[in-house]
Amino acid sequence: MFIILSAILLISVKAAPVPDELVGEYGDKFEGDMLLTEKQKLAINNAIQSRNGLKNDTLRWPNRTVVYHIEEDDFDDEEIEVILGGLSELSNKSCVEFRAREGNEYAVIIESSANGCFSSVGFSKGDHEDGINQVLNLGKGCIRQGVVIHEMLHTLGFYHMQSTYDRDDFVKIVWENIASGHEHNFEMYKNDTVTDFGVPYDYGSVMHYSEHAFSKNGEKTIIPLQENVKIGQRDALSVSDIEKLNKMYCTDENLARVPLK
């Protein structure tokens, strides 16, 4: 009996305590939940100092408007309400607008056709000769407003917070605790492919990994260098998230009308 109980306790200790709302983001895509085009992969692989939001203007949604289509057969009414709530939160805190697709126009398709939470990064129509629509997938466990916001920020052009060029000043990456084959998810970008828009590092960003992201043993893979801070929240946009989103998409005139809180 003692041996059995000891084995159970050992298994419990090794189980990575990743918050439920983040589990779906730690899949097999780039950094867990991003679908990159071949051009984006090439830019990242050749990067020499990058940051948190796409710098290339051509990868931003035209006219500050994201055209979307929800595959209604994939979700129930309550889930659709959560998805629309996430889009509403983004539009209420920025000059970005969301519009349902009309006819067969290019759009981000919000679906639940696979496991996990993942999305394309930025407006990627130009990388598809046949105009294939891009995808934002919300699998089982992903229908939470903060997760919807996280994935839609990828769609709008954001990468993860902890990959920014100066992250080593704010967090320690514990490489020995990262599951084999997932080390690349913690690399810093190294050219001007993406930018932080001059906004300081934000532990509270909805785009930050959790402390146990991709852990192989239940131990922390990311340790904040500042005490008493939480990372990996999926509740709502932080003030810095809002500021960066507006700097990416808004003119000074539009920004003046947007509440930054």
Side-chain angles (χ1 to χ4, degrees), residues 16-19 21-23 25-34 36 40-56 59 117-119 121-122 146-147 149-151 153-154 156-245 247-248:
V18 175
E21 66 269 26
L22 301 183
V23 171
E25 294 176 25
Y26 300 145
D28 58 0
K29 308 297 187 292
F30 182 80
E31 291 190 2
D33 69 336
M34 295 190 288
L36 299 188
Q40 289 171 334
K41 290 176 184 177
L42 183 62
I44 291 298
N45 289 337
N46 293 335
I48 49 178
Q49 189 182 24
S50 47
R51 305 182 183 170
N52 176 231
L54 281 172
K55 189 171 184 178
N56 188 341
L59 295 175
C117 331
F118 56 84
S119 54
V121 180
V147 175
I149 289 171
H150 176 99
E151 297 303 336
L153 281 175
H154 282 318
L156 285 161
F158 280 91
Y159 285 78
H160 291 119
M161 183 73 248
Q162 75 287 334
S163 295
T164 188
Y165 75 109
D166 61 348
R167 66 102 185 275
D168 287 345
D169 295 333
F170 300 91
V171 298
K172 175 185 177 182
I173 304 300
V174 189
W175 296 98
E176 60 267 28
N177 290 335
I178 298 171
S180 178
H182 291 281
E183 294 87 355
H184 64 281
N185 292 330
F186 293 82
E187 293 179 0
M188 290 187 294
Y189 310 142
K190 293 186 175 180
N191 87 357
D192 289 332
T193 301
V194 292
T195 176
D196 57 11
F197 297 97
V199 179
Y201 194 92
D202 181 17
Y203 289 114
S205 171
V206 75
M207 302 307 290
H208 208 301
Y209 274 179
S210 75
E211 292 181 331
H212 297 88
F214 296 100
S215 177
K216 69 180 179 182
N217 54 15
E219 299 298 321
K220 294 180 179 180
T221 55
I222 306 178
I223 299 176
L225 298 182
Q226 180 178 321
E227 295 182 355
N228 301 318
V229 295
K230 177 185 177 182
I231 62 174
Q233 65 88 9
R234 293 296 180 270
D235 300 320
L237 290 162
S238 71
V239 171
S240 292
D241 291 331
I242 297 169
E243 185 177 0
K244 278 188 283 192
L245 179 58
K247 285 189 173 184
M248 177 186 280

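For clarity, every value in this text was computed on a predicted model and none was experimentally measured.
- Nearest heavy-atom pair, Leu156 versus Met248, reported as atom, atom and distance to 0.1 Å: O-SD, 3.5 Å.
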**Asked** Stepwise, does the side-chain contact (heavy atoms from CB on, under 4.5 Å) test hold for Lys244 with Met207?
**Response** CA-CA 12 Å; Lys244 278 188 283 192; Met207 302 307 290; over 6 Å; no
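- Residues meeting the ring-ring contact (aromatic ring centres under 6.0 Å, His included) test with Tyr201, sequence neighbours left out: Phe170, Tyr203, His208.
- Between the side chain of Glu183 and the main chain of Gly181, a donor-acceptor pair closer than 3.5 Å is present.
- Scanning all heavy atoms of the two residues, the minimum distance from Val206 to Arg234 falls at O-NH1, 2.8 Å.
- Judged as a side-chain contact (heavy atoms from CB on, under 4.5 Å), and not counting sequence neighbours, the contacts of Ser238 are Asp202, Ser205, Ser240, Asp241.
- When all heavy atoms of Thr221 and Ala213 are compared, the closest pair comes out as OG1-O, 2.7 Å.
- Within the model, atoms CG of Asn177 and CD of Glu211 stand 12.0 Å from one another, a figure rounded to the nearest 0.5 Å.
- Separation of atoms CD (Gln233) and NE2 (His150) is listed at 10.5 Å; rounding is to 0.5 Å.
- When atom types are taken as modelled, the side chain of Gln226 and the backbone of Val229 share no donor-acceptor pair closer than 3.5 angstrom.
- The structure places CD1 of Ile242 at 5.0 Å from CG of Leu237, a figure rounded to the nearest 0.5 Å.
- In terms of heavy-atom proximity, Gly218 sits nearest to His212 at O-CD2, 3.2 Å.
- Using a 4.5 Å heavy-atom cutoff, the side chains of Lys172 and Leu225 are in contact.
- A heavy-atom distance below 4.5 Å is found between the side chains of Ile173 and Val171.
- Counting heavy atoms from C-beta on, the side chains of Ile178 and Phe186 come closer than 4.5 Å.
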**Prompt:** Under the side-chain contact (heavy atoms from CB on, under 4.5 Å) criterion, do Ile222 and Val174 qualify, and how do the steps go?
**Reply:** CA-CA 6 Å; Ile222 306 178; Val174 189; over 6 Å; no
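- Side-chain contact check for Pro224 versus Lys230: every heavy-atom pair is 4.5 Å or farther apart.
- At least one side-chain heavy atom of Leu245 sits less than 4.5 Å from a side-chain heavy atom of Phe158.
- Residues Gln162 and Met188 are not in side-chain contact: their nearest non-hydrogen atoms beyond the backbone lie 4.5 Å or more apart.
- To the nearest 0.5 Å, the span separating NE2 on His154 from OG on Ser119 amounts to 5.0 Å.
- With hydrogens and angles ignored, the 3.5 Å screen pairs a side-chain donor or acceptor of Lys216 with a backbone N or O of Glu176.
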